[in-house]
Amino acid sequence: MTDNTQQHPHSVPELPTQYAPAEVEGPLYERWVERGYFEADAQSDKEPYTIVIPPPNVTGSLHLGHAFEHTLIDALTRRKRMQGYEVLWQPGMDHAGIATQNVVERELAKEGKSRHDLGREAFVERVWQWKAESGGQISGQMRRLGDGVAWSRERFTMDEGLSKAVQTIFKKLYDDELIYRAERIINWCPRCLTAISDIEVEYQDDDGELVSITYGEGDASIVVATTRAETMLGDTAVAVHPEDERYKHLVGTEIELPLTGRRIPVVADEHVDPEFGTGAVKVTPAHDPNDFEIGRRHDLPSLTVLDEHGVITVHGPFLGLDRFEARSAIVGALRAEGRIVAEKRPYTHSVGHCSRCKTTLEPRQSMQWWVKTAPLAKAAADAVRGGEVKIHPQEMEKRYFEWVDNLHDWCISRQLWWGHRIPVWYGPDGEMVCVGPDEQPPTGEGWHQETDVLDTWFSSGLWPFSTLGWPERTESVEKFYPNSVLVTGYDILFFWVVRMMMFGLYAMDGTPPFHTIALHGMVRDQFGKKMSKSFGNAVNPLDWMDKYGSDAVRFTLARGANPGVDVPIGEDWVQGSRNFANKVWNATRFALMNGATVEGELPPAEQMSATDRWILSRLNSVVAEVDAYYDDYQFAKLTDALFHFAWDEVFDWYVELSKTTFMGGGEPAKVSARVLGEVLDVTLRLLHPVVPFVTETLWTALTGKESVVVAEWPADSGFRDAGAEREIEELQRVITEVRRFRSDQGLQPGQKVPARLELSGTALAAHEGAIRQLLRLQPAGDGFQATATLPVAGATVALDLSGVIDFEAERKRLAKDLAAAEKEKAQATAKLGNEAFLAKAPEAVKEKIQKRLAAAEADIERISGQLAALPQG
RNA sequence: GGGCGCAUAGCUCAGCGGUAGAGCGCUGCUCUUACAAAGCAGAUGUCGGCGGUUCGAAUCCGUCUGUGCCCACCA
């Protein structure tokens, strides 16, 4: 599959002077796929490395959040592939029950139809059509991004195999009595006409009105307050606190419920807060979760007064009114009877809305299916508490426990058409049979299947193994389960991660679905604001990819990826990343123009210049650093480290310093060409997981090999050269110091200046050529006048600037520097004279201060020298 | 009402016990053997306030203020 092991001389391709990502990226990706680089072999001997994609909803297109997540997963998997693992990045999509059904319903609405016009079967067919279009769009976006997924293994939560997994686990839970059917108060969406689970409720502060109503007459009267007056039609009691003296005499009696002619009991219940309002609560067991519980405790009847659309069903003047119309109508009627005590007052309170359609939810008593979560959640919690599963960053564990330790039973039935239909059949005489995947459903007169479907998270909770072929014991399950790491956003910890943990542990005999959970943050705009369509700051990642390249988008996202922390992104930053890609591009061009090569062994250290040894020493440090960051999911740090190493050290210093060497030709130029080839080779490989496209183009051009995708991940050779590092640091100091002097003097960058260098006896002697080149210093000819003498790092640079400049600015600057150095010296001296410090501070710190003192003293000497050397006047 | 987090350069963020950092932005000078999507040089911060611990605090503790997120059945 790869011929990377073979080296062959190659002709260096011509690269244009600017990187044009748009022309390069598309074809590269298709080539990778054709060559099968991203496919995973379950029979391979290599150690597996598995990550499943958090399956995007088929409802639409990918946003920057997906691009972000995919960048991280792609980087992890590409590196592991280079390290020789059998990598599976499992792709696929989620049917996203209610979300998708709503989207398709909206499409239908445009044609003036509802799903009921089509009927269940035709509607579901229609959703499948939508899925085909939308799914194609998503995989197209993933290709643009460069996602190295195993396309041949793409899965969908409604696939036959995955549906079988759903049925299997449902049956198992049912048989274990962990699934049951019960009537409870649930969150009901009167628009979607389905139950939704607690976590699908979005609470927001709504302006309501709190009205106080008198129930009963005379002495036997009680005032209750409510924001949902219409529910009073379903009241079956008034509750007060048992210890409340005000109402003790009424407990056990019945009072009149206005407008209805019914009499309802007054009950005493601990739940009532005597301090709140009047201390009396109207009880509507069928339409309020608390009241439902009170009703249960006191054996109260439950009276349903609203239908599934939120319309009054009680015969009388309000029959057929919508719940909100009914609310004002009833308040009006009560007022007419003089029942409204105080004027209604504005009241802002938290109201639940459907997270899919934003409709105000209606608590509703109904028969639903439930998962008994207690034992499952316990196992999910224990796996993390016991350290078997690690959450990264660790602070996020708190959030996880907050969820998993307080889990209610999970309402899994939805009154939808799109989803996995619950595999339970009801018989004519109330029998109930749960049918397993290999069983025949009962037939005969009166038998029918449950019409409800399952919550979409039920199937996505199986994703880490259902995608591998479970419930069959496939080779893939054996090889790729458990997954190596789960990469996902903290916002989905409860929705998805907890479900996977529960189901994974339950279905796979206690083996958790993954051993590490790496949580990332949310993508935000450049001001740190949440991105949203309604706010108008949402960005289509494709726009930026078209403009700046996928690499630029990826690099920017990776560079902002601090663990568990939100990542802001702005177009300027993407532009900056594009600039980086272009920089790498041009540096490689320069290298190729100067004969940089990866062929042959690296020359022995003795043959290398200090500059060569320095960059190789640094290179290996960076390899080690990047590895450590990867292992800790520190994407921002590893990206930043590579950015600075490549740009600052390799491009700005090594390349510049080497120019003299290359111009000189001969053996040293050959050695540097090989070193530069090595440095770029390794740097490109290190960069590849984050920016796959540019690195592929450049690396193949540099090496002539097949593809960096299947290249070996760089290893730290262990080569370090502290002496060379020190030497180059000094060289940098000399050059920077003289440059600063030149700049302060107003010399133009290109202006040549005669100079005499005194470098003998210092390590810098070998660098005279580079120094002169970089500083534009000409040889000192006849009549040389040393008008400025700069002592740095034991060397002296004397410049002839006769008649060119005025020294006043320089004198000022040096005076300032001198003052700073003297202050520094004073601080260090004071510290070293402090007995408490000397007694308690660790040696390492003392040494640091000593060094600082020495440096300050050296600076003072240097600056004084420079000042003294400045001509007077 | 609970819980968690954050306040560091104009903006977005690293640093989390030993001399204040990065990217972008800003100022100047430059087409110098790749790159102006560039190079070189430069400016900018009582590290939110107040207390405390420590030889030493942006970094640890307390408190206040501001801000964000998550959870919650208070009618």
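Hydrogens, waters and symmetry mates play no part in the numbers below; they use all other heavy atoms, side chains included.
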Checklist line | B/A34 OP1/OP2 closer than 4.0 Å to side-chain N/O of A/Lys659 | finding: no
Quiz question: going by heavy-atom distance under 3.5 Å, is there a donor-acceptor pair between the base of [N] and the side chain of [X]?
X        : N     : value
A/Glu656 : B/A34 : yes
A/Lys583 : B/C35 : yes
A/Arg739 : B/A41 : no

Assigned partner base of [N], Watson-Crick or wobble definition, under 3.5 Å:
N     : answer
B/G68 : B/C4
B/C29 : B/G39
B/U54 : none

Look at the side chain of [X] and decide which nucleotide, out of [options], has an atom nearest to it.
X        : options             : result
A/Lys831 : B/A34, B/G56, B/G5  : B/G56
A/Phe527 : B/A34, B/U12, B/C35 : B/U12
A/Arg852 : B/A34, B/G23, B/G18 : B/G18
A/Phe837 : B/A34, B/G18, B/A41 : B/G18

Check: Counting any heavy atom closer than 4.0 Å, what does A/Gln827 reach on the DNA or RNA strands: base, sugar-phosphate only, or nothing?
Finding: nothing
Notebook entry, point to check: For A/Lys848, which contact category applies under a 4.0 Å heavy-atom criterion: base, sugar-phosphate, or nothing?
Noted result: nothing
Check: Does any non-hydrogen side-chain atom of A/Glu362 lie less than 4.5 Å from one of A/Arg323?
Finding: yes
Note to self: I'd like to check the side-chain hydrogen bond (donor to acceptor under 3.5 Å, both in side chains) partners of A/Asn834; sequence neighbours left out, ordered by chain and number.
What the structure shows: none
Next item on the list: Would you give a per-nucleotide map of nucleotides 24-31 of chain B, 5' to 3', where B means the base has a protein non-hydrogen atom under 4.0 Å away, S means only the sugar-phosphate does, and - means neither?
Entry: S----BS-
Next item on the list: Would you mind building the protein contact string for nucleotides 65-75 of chain B? One character per nucleotide, 5' to 3', B for base within reach (heavy atoms under 4.0 Å), S for sugar-phosphate only, - for untouched.
Entry: -----SSBBBB
Item checked: Whichever of A/Ala587 and A/Pro568 has its nearest RNA chain B nucleotide further upstream toward 5' -> A/Pro568
Next item on the list: Grab the CG-P distance between A/Leu642 and B/A14 for me, whole Å please.
Entry: 19 Å
Next item on the list: Quickly work out the A/Phe741 CZ to B/C40 C1' distance and round it to whole Å.
Entry: 16 Å
